[in-house]
Amino acid sequence: MKQIKSNIDTSGSRFKDRVEIYAELMSFYHTMMKSATQRDEDPAMVRHRFRGKLDARSRIELLIDEHTPFLELSVLAANGQYGDQFPSAGIITGIGKIHGKMSMIIANDATVKGGTYISETVKKHLRGQEIALQNHLPCVYLVDSGGIFLPEQSRIFPDQNGFGHIFYNQAQMSAAGFPQLSIVMGSCTAGGAYVPAMSDETIIVKNQGTIFIGGPPLVKAATGEEITAEELGGAFVHTKISGVADHLAENELDAIKICRNIFESIPEPEKQPYEQHSIEEPSFDPYEIYGLAPVDFRKPIDIYEIIARIVDGSKFEEFKRNYGETIVTGYSRILGFTVGIIANNGFLTSEASLKAAHFIEICNFRKIPLLFLQNISGFIVGKKYEHEGIARNGAKLIHAVATAVVPKITVIIGGSFGAGNYAMAGRAYNPSFLFMWPNSKIGVMGGQQAQQVLNSIKGEDLNNNSDLINQFEEESSAYYSTSRLWDDGIIDPADTRKVVGLAISICLNHKIPEPRNGIYRM
Ligand code: COA
């Protein structure tokens with residue numbers, strides 16, 4: 001593979017100014033991440049620890065193999081909503097190795113409103129299960145939750161992808177043959193009782209874990225019976241009398257040990273055979289991305305400079321370099337895994353769409369995972385392009401993206417606007433993982449354009465309608481997106497190669513199916 005040459009003067013004032021602007025974005029990002037993950041002073045956390053309980057992230061750290069990474073998803077879910085009372089939406093999800101087996105871990109955070117579920121908690125839980133299903137991962141639930149957050153019940157309880165879908169998924173995952181284990185480390189109430197009850201095996205912690213369909217207050221109200229939580233559904237009851245749980249743990253550490261021991265007997269899944277070449281660091285510093293990332297979308301960027309700071313050895317073998325130049329396609333490696341890269345370099349034209357669709361077909365047939373680097377303002381518009389059949393050619397790309405059977409990892413590195421979002425494997429195209437950079441923005445169009453469109457429809461001048469522009473500005477921010485689980489998390493651009501490499505290794509946990517195509521309109 002050829003090495004990308006860099007033309008950037010990293011000592012020049014232009015580059016330094018851009019780095020300075022990005023430093024502010026990173027400082028905000030770190031503040032947000034800290035407020036969600038470092039909550040030692042939070043009274044609920046203090047009380048939780050005083051009770052001798054480990055926090056959810058520490059439990060996960062002890063569960064996974066020592067010195068191995070954990071790819072935590074959607075850390076900033078629910079951020080900026082509900083008066084910021086639900087850090088990480090009260091649930092930690094991610095992928096790590098347990099006894100060498102790649103596993104999904106879904107852990108309630110009891111220090112966030114008793115681990116109860118708002119709509120983002122449900123969405124995050126379901127997304128974790130979806131990733132487990134797609135990649136044939138065993139799943140461990142660390143349960144410590146009061147069930148539905150009652151004031152929000154109408155948004156959580158009844159709909160198709162509501163709370164009940166968690167248990168539906170458990171049945172589907174089980175039927176598909178993927179192991180699921182629960183460790184009950186606290187409360188497990190009402191519908192929540194079905195998480196351990198529907199797992200293959202359940203471990204419950206003595207004097208701490210409880211499982212019941214109706215807790216003591218409900219029992220008293222319904223039947224008049226007065227009973228303690230422990231007597232109603234504690235560890236002894238469920239391992240000795242009801243049989244709802246299978247393993248009695250002395251404490252949390254013992255429970256984690258039992259779970260790890262069970263993993264020793266879980267069979268290895270049939271993985272996709274895929275060579276991992278030796279890992280080469282990029283020839284250019286990934287931190288230099290701060291000076292290269294698109295912050296002002298009106299100014300063009302050099303996508304090759306960004307690719308050079310993500311891929312192994314900065315090596316990239318380009319496909320169709322001189323055709324449809326507004327999209328860049330080619331082969332590279334990330335953490336030793338071969339990938340096909342599709343990166344925007346301007347508007348999507350007919351040629352760019354055809355080129356990208358062709359490249360996706362090649363990778364699909366060769367079973368090479370795809371990495372989409374999204375920085376797209378949309379498909380090109382105008383009479384010339386419509387007459388050329390941009391809709392027909394764009395449709396080929398959308399077909400290819402939608403039906404690709406190889407892992408698709410999408411990173412939104414800049415703008416993600418209009419149908420360009422779809423053609424570049426946006427969330428609706430089921431990418432295996434989708435991450436955003438802190439500078440990125442997502443929306444049907446920019447605020448100014450929306451205002452112009454409305455001006456022309458309504459035939460009036462809304463130029464002073466700053467409300468609309470502000471609304472678009474707020475709703476297109478990466479933080480707005482990640483809070484609502486439109487992505488799997490905002491990442492530090494300098495970590496892109498690590499995150500993408502890890503994501504690919506997760507996706508190779510199962511065999512890639514044979515490719516299939518729909519009908520492309522020619
Ligand atoms: N809905 C709304 N809020 C809830 C809640 C629920 N289901 N369960 C707990 N909370 C809130 C509490 O009001 C409290 O809020 P605050 O911090 O604003 O005061 C916070 O979560 C912590 O609850 P608390 O009871 O103080 O914590 P705890 O650690 O001692 O107990 C539970 C946690 C979950 C065991 C306990 O709150 C409980 O039993 N909740 C009811 C569970 C239930 O019946 N759920 C049925 C719904 S399906």
Side-chain angles (χ1 to χ4, degrees), residues 35-36 39-59 78 81-92 106-126 141-159 161-168 170 182-198 204-235 237-238 244-245 251-252:
S35 72
R39 300 176 35 247
D40 293 342
E41 312 291 313
D42 187 324
M45 183 64 84
V46 173
R47 193 167 58 136
H48 184 80
R49 290 194 174 133
F50 182 73
R51 288 169 171 170
K53 294 173 85 175
L54 290 164
D55 64 85
R57 288 189 177 84
S58 303
R59 287 169 176 168
Q81 299 188 75
Y82 311 95
D84 276 322
Q85 288 187 92
F86 288 87
S88 301
I91 198 162
I92 320 300
I106 300 180
N108 298 121
D109 184 346
T111 69
V112 177
K113 295 284 177 198
T116 53
Y117 283 65
I118 49 171
S119 129
E120 286 73 9
T121 324
V122 174
K123 217 170 167 188
K124 201 166 157 181
H125 193 132
L126 295 178
Y141 305 98
L142 302 178
V143 194
D144 200 342
S145 162
I148 288 173
F149 182 72
L150 293 172
E152 289 284 318
Q153 70 87 21
S154 70
R155 294 181 65 219
I156 302 154
F157 174 65
D159 208 355
N161 286 321
F163 194 60
H165 209 68
I166 291 173
F167 323 116
Y168 171 86
Q170 281 189 258
S182 280
I183 307 182
V184 181
M185 293 175 146
S187 181
C188 212
T189 308
Y194 288 109
V195 174
M198 295 197 61
I204 186 165
V205 179
K206 206 161 115 183
N207 299 325
Q208 193 171 310
T210 52
I211 308 172
F212 26 66
I213 298 294
L218 186 77
V219 170
K220 182 154 186 246
T223 68
E225 190 181 11
E226 286 201 37
I227 189 163
T228 65
E230 199 61 32
E231 285 170 326
L232 184 65
V237 168
H238 288 310
V244 172
N251 50 44
E252 293 191 17

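We count ligands from 1, going down the list as the structure has it; atoms in each ligand are counted the same way. Every heavy atom of this structure was used, including side-chain atoms; hydrogens, water molecules and symmetry mates were not.
Taking atom 7 (N) of ligand 1 as the reference point, the nearest protein heavy-atom neighbour is I148 O, 2.9 Å. Of all protein heavy atoms, the one lying nearest to atom 44 (O) of ligand 1 is T189 CG2, 3.7 Å. The single protein non-hydrogen atom nearest to atom 1 (N) of ligand 1 is L150 N, 2.9 Å, given as residue, atom name and distance. Scanning all protein heavy atoms for the shortest distance to atom 24 (P) of ligand 1 gives R47 NH2, 3.9 Å. Summary of contacts: the protein heavy atom closest to atom 46 (C) of ligand 1 is G146 O, 3.7 Å. Looking only at heavy atoms of the protein, atom 8 (N) of ligand 1 is closest to T116 CG2, 3.5 Å. Protein heavy atom at the shortest distance from atom 29 (O) of ligand 1 is R51 NH1, 2.8 Å.
Inside a 4.0 Å radius of atom 3 (N) of ligand 1 there is at least one protein heavy atom. Distances from atom 41 (C) of ligand 1 to the protein include no heavy-atom value under 4.0 Å. By the definition of a contact as any protein heavy atom under 4.0 Å away, atom 27 (O) of ligand 1 is in contact. Contact annotation for atom 48 (S) of ligand 1: protein present (non-hydrogen atoms, distance under 4.0 Å). Distances from atom 34 (C) of ligand 1 to the protein include at least one heavy-atom value under 4.0 Å. Per-atom contact check: atom 15 (O) of ligand 1 touches the protein, criterion being a heavy-atom distance below 4.0 Å. There is no protein heavy atom closer than 4.0 angstrom to atom 37 (O) of ligand 1.
Counting all heavy atoms, side chain and backbone alike, R155 lies closest to Y82 at NH1-OH, 3.0 Å. Pairing each heavy atom of I211 with each of P196, the nearest pair is CD1-CG, 3.9 Å. Considering every non-hydrogen atom in both I204 and A245, the closest pair reads CG2-CB, 3.7 Å. Nearest approach of S88 to R57, heavy atoms of both residues: OG-NH2, 3.0 Å. Closest approach of L126 to N161, counting heavy atoms only: CD1-O, 3.3 Å. Here the closest non-hydrogen pair linking A193 and I213 is CB-CD1, 3.9 Å.
For ligand 1, the atoms closer than 4.0 angstrom to any heavy atom of P151 are 2 (C). Taking every heavy atom of G114 and a limit of under 4.0 angstrom, the matching atoms of ligand 1 come to 21 (O), 22 (C), 34 (C). Within ligand 1, counting atoms from 1 as listed, the ones closer than 4.0 Å to a heavy atom of S187 are 35 (C).
Side chain to side chain, N108 and Y117 meet the donor-acceptor criterion of an N or O pair below 3.5 Å. In this model, no donor atom of one side chain and acceptor atom of the other lie less than 3.5 Å apart for S58 and R49.
A distance of 10.0 Å separates CD1 in I92 from CG in L142, rounded to the nearest 0.5 Å.
D144 and K53 are joined by a salt bridge, as a carboxylate oxygen and a charged side-chain nitrogen come within less than 4.0 angstrom of each other.
Here the side chains of L232 and T210 are not in contact, with every heavy-atom distance at 4.5 Å or above. Looking only at side-chain heavy atoms (C-beta outward), Q208 and R51 stay at 4.5 Å or farther from each other.
Residue A190 places no N or O, backbone or side chain, under 3.5 Å from any N or O of ligand 1. For ligand 1, one of its N or O atoms has an N or O atom of K113 under 3.5 Å away.
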